[in-house]
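Step one of this worksheet: look at the structure below.
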There are 2 protein chains.
Amino acid sequence: VKPYPSYSLSRDPEPRPHMGGTDGASTTQTSEQNWSVTAAKEVSFQIRLTSGVLDPGNQQLIEAGAAVGQDLQPRRLLVVDSRVADIYGEQIRAYFLAHGAKFRLLALPCTEAGKRIEAVQQIIDELDDFGIDRNRDPLIAIGGGVLMDIAGVAACLYRRGSPYVRVPTTLIGLVDAGIGSKTGVNHGPHKNRLGAYYPARVTLADRSFLATLDDRHIVNGLAEILKVALVRDVVLFELLETYGTDLIKTRFQDGGDDVGAAASQVLHRAIQGMLQELAPNLWEQDLERLMDYGHSFSPTLEMAALPQLLHGEAVSIDMALSTVLSLQRGLLTEGEVARIFAVSKKLALPVRHELIEPGLLSAALAETTRHRGGEQRLPLSTGIGKATFVNDVTIAELTSAGILLAGRWSHD
Amino acid sequence: VKPYPSYSLSRDPEPRPHMGGTDGASTTQTSEQNWSVTAAKEVSFQIRLTSGVLDPGNQQLIEAGAAVGQDLQPRRLLVVDSRVADIYGEQIRAYFLAHGAKFRLLALPCTEAGKRIEAVQQIIDELDDFGIDRNRDPLIAIGGGVLMDIAGVAACLYRRGSPYVRVPTTLIGLVDAGIGSKTGVNHGPHKNRLGAYYPARVTLADRSFLATLDDRHIVNGLAEILKVALVRDVVLFELLETYGTDLIKTRFQDGGDDVGAAASQVLHRAIQGMLQELAPNLWEQDLERLMDYGHSFSPTLEMAALPQLLHGEAVSIDMALSTVLSLQRGLLTEGEVARIFAVSKKLALPVRHELIEPGLLSAALAETTRHRGGEQRLPLSTGIGKATFVNDVTIAELTSAGILLAGRWSHD
């Protein structure tokens, strides 16, 4: 039985007349044959908001992405952010030992500056040296967004596609980098210039890892959560408004009180919102993407400021600028803008940066326009939880928004 | 309108009881949320057996893979095998000048030894420096199998997938490397270890390029044509039997006689056969692939003998060994085997190699078995134009086939 009946191969049986000859004057008729191949590939993946992933009694991680009913010893290459390995390395090893797996742990130093093809090659070398069966032995990526992005490129390329599993350990990983289908590494000065749409078979999102995260990385993830709230979820915005400060303090852990319940809701709504936007547009054929909010100027800013800004920090600065653009256009009221900046202050998010000046904004807008098929398709807030797309932003308008932002808002 | 309605996002709304806790004795109940995303990506590509591709009056190449109705100046990065650039460089430049394109020609030295990720990065650097719109400006790859494989990886990775067009200039490119969806580069000692299933939008297969090809590269392509003949097309086999020598002499050009007509038929049947095998199995989920004939031991042989053997030469040696395996098992008669070796001699294909010894055969079989999901799935001839798959080949059997081959057949 062929597993993929969904294809067609058609051939044009009629020889078509065709102009040839190297001299414009002479023409020859030759027959021509055309074949068209059309096939559909089904892609399927799971996100589980769960807990206790490293508990030896928990089967989820050892079973994730593996062939059902396999009776061989599991082999797993574990690619782990080196900071995560420092804290959880022993627990990770104990887990795979308890499940009788043959495994190797590759601790990878992860920074935005090191998110390059060389790191992908390092993983590939380990895969080759360790030896996996691409049909049975998923690569397991344990770490933050940078690690998952690198590991995703390696899995995509290895033997023309090998399965992988993501275990995000940061907040941005849990709600953003671990959720979608995008993988990528930087190339030259360009962020995520190389990559693919290649989702992990399973993402196990376990908030208990957040207990050991520093404030800055909690805040980094809150930027992406605020993004989802601003463009499509007023309830999520209100949760951030009410519980923002407490969520940072408690690191999204469940203390059995209302803050713990709010943390659960925030994670749930952030993931749900992200998936509802991504699922119908997994390969980004639709270039108008709400999830691009805060991602129009930030890729250029983030790369220009390397290694100063975390991803979410650059996104937050971009969102602040976009909020002022909306204000200037009358798409947001002064009251709404005040509420938005109050929440971003509560979340300790940065809203301005010295590199936000006409030169960078102009380069960023040109790059984003090219990336979005020749139109700006810039998402702008039209109220809390609502957004639209515009195509007519000018550099003058951006410059004045930058000046207004720098003059009126800061969280210092 | 969302372009991709074919998706589903489902969520398990019931909190499921789940065993947790770091201590085996204590258990806690936590709620869990699962989301499943399923989406289908349609892939569509065209193969055109055509002519006059570089004639300035021919629109096919400038229009291939480009957005319909575009009114902007076309921008094209042309990645060209440096040997091809030496011969056709001026003609290629004249073609794109005649069509008012903004273009850059990157001449890339292409050898199997240089088919590595660094060459992909070189193309990426040129794409970045030249600047293309991934929605409008396809990369154009002009060259043989090595060049198309490298360019395909670059196109696949660049901005998470950019369109490309293939213009094969070798026989193996016309009937094999330019036809399917596979791209790849070597890594360490492993052939095509990195890559993706990422077909060119359009392949323009123009046999006039073969006029400047040397004998060895014609023969190299004939190996893949013989493969298609042996496993599924007795008519194609008979054409090779009758016209093999003439096809090498005439380089598949059309002299208006029966040899030219045979050349057309051979190209047509080879491409048609390849596509009929590939189209239902574009992502190789079905691991029993007739097109793997001659590709069980040859990847290891080709890499071990680098840079001595061309791909088709290694495939031919593998097919000779496989033919003897079939003979030993009684799957082929002495008469059929004699016919097969007579044709391979007529095509000047190599049938043996000093590296065909137990050590290499053992390593190759292990690697192939791993690559095919833990079973050998070895295609073996069961008559001319027919084949089956076996899973029980032993090293002893392979060794004795190698000895028999070396003792009885040679084309010297």
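Remember, it's a predicted structure, so these values are computed and weren't measured experimentally. Naming: A, B, ... by sequence-line order, numbering from 1 per chain.
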Residue pair [X] / [Y]: nearest heavy atoms and the distance that separates them:
X         : Y         : result
Tyr197(B) : Arg160(A) : CE1-O, 3.4 Å
Asp133(B) : Gly374(A) : OD2-N, 4.1 Å
Ala39(B)  : Trp283(A) : CB-CZ3, 3.9 Å

Calculate, to the nearest 0.5 Å, the distance between atoms CG and OG1 belonging to Asn34(A) and Thr203(B) respectively.
->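 Asn34(A) atom CG to Thr203(B) atom OG1 measures 11.5 Å (nearest 0.5 Å).
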Pull out the residues in residues 120-127 of chain B that come under 4.5 Å of chain A, heavy atom to heavy atom, sorted by number.
->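 Result: Gln121(B), Ile124(B), Asp125(B).
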Side-chain contact test, heavy atoms from C-beta onward, threshold under 4.5 Å: evaluate it for His268(B) versus Trp35(A) and give yes or no.
->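 They are in contact (side-chain heavy atoms under 4.5 Å apart), so the answer is yes.
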Do Val43(A) and Lys41(B) have side chains that get closer than 4.5 Å, going by heavy atoms?
->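 No; the side chains remain at least 4.5 Å from each other.
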Based on non-hydrogen pairs under 4.5 Å, which of Leu287(A), Ile271(A), Leu54(A) is most in contact with chain B?
->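 Ranked by heavy-atom pairs under 4.5 Å with chain B, first place is Ile271(A).
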Pairs of heavy atoms under 4.5 Å with chain B: top-ranked of Arg193(A), Gln46(A), Arg370(A) =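 Heavy-atom pairs under 4.5 Å are most numerous for Arg193(A).
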Heavy-atom pairs under 4.5 Å with chain A, option from Ile47(B), Ile117(B), Val185(B) with the top count |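 So the answer, after comparing Ile47(B), Ile117(B), Val185(B), is Ile47(B).
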Do the charged groups of Glu367(A) and Arg159(B) touch, with an N to O distance under 4.0 Å?
->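 Salt bridge between Glu367(A) and Arg159(B), a charged N being under 4.0 Å from a carboxylate O: yes.
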Residues which pass salt bridge (Lys or Arg N to Asp or Glu O under 4.0 Å) with Arg377(B), listed by chain and number, not counting sequence neighbours |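 With neighbours one apart ignored, the set is empty.
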Portion of Thr183(A) that has a non-hydrogen atom of chain B nearer than 4.5 angstrom |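 The backbone, not the side chain.
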Given a strict heavy-atom distance threshold of 4.5 Å, which part of His190(A) is in contact with chain B: side chain, backbone, both, or neither?
->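 Side chain of His190(A) only, per the 4.5 Å heavy-atom cut-off to chain B.
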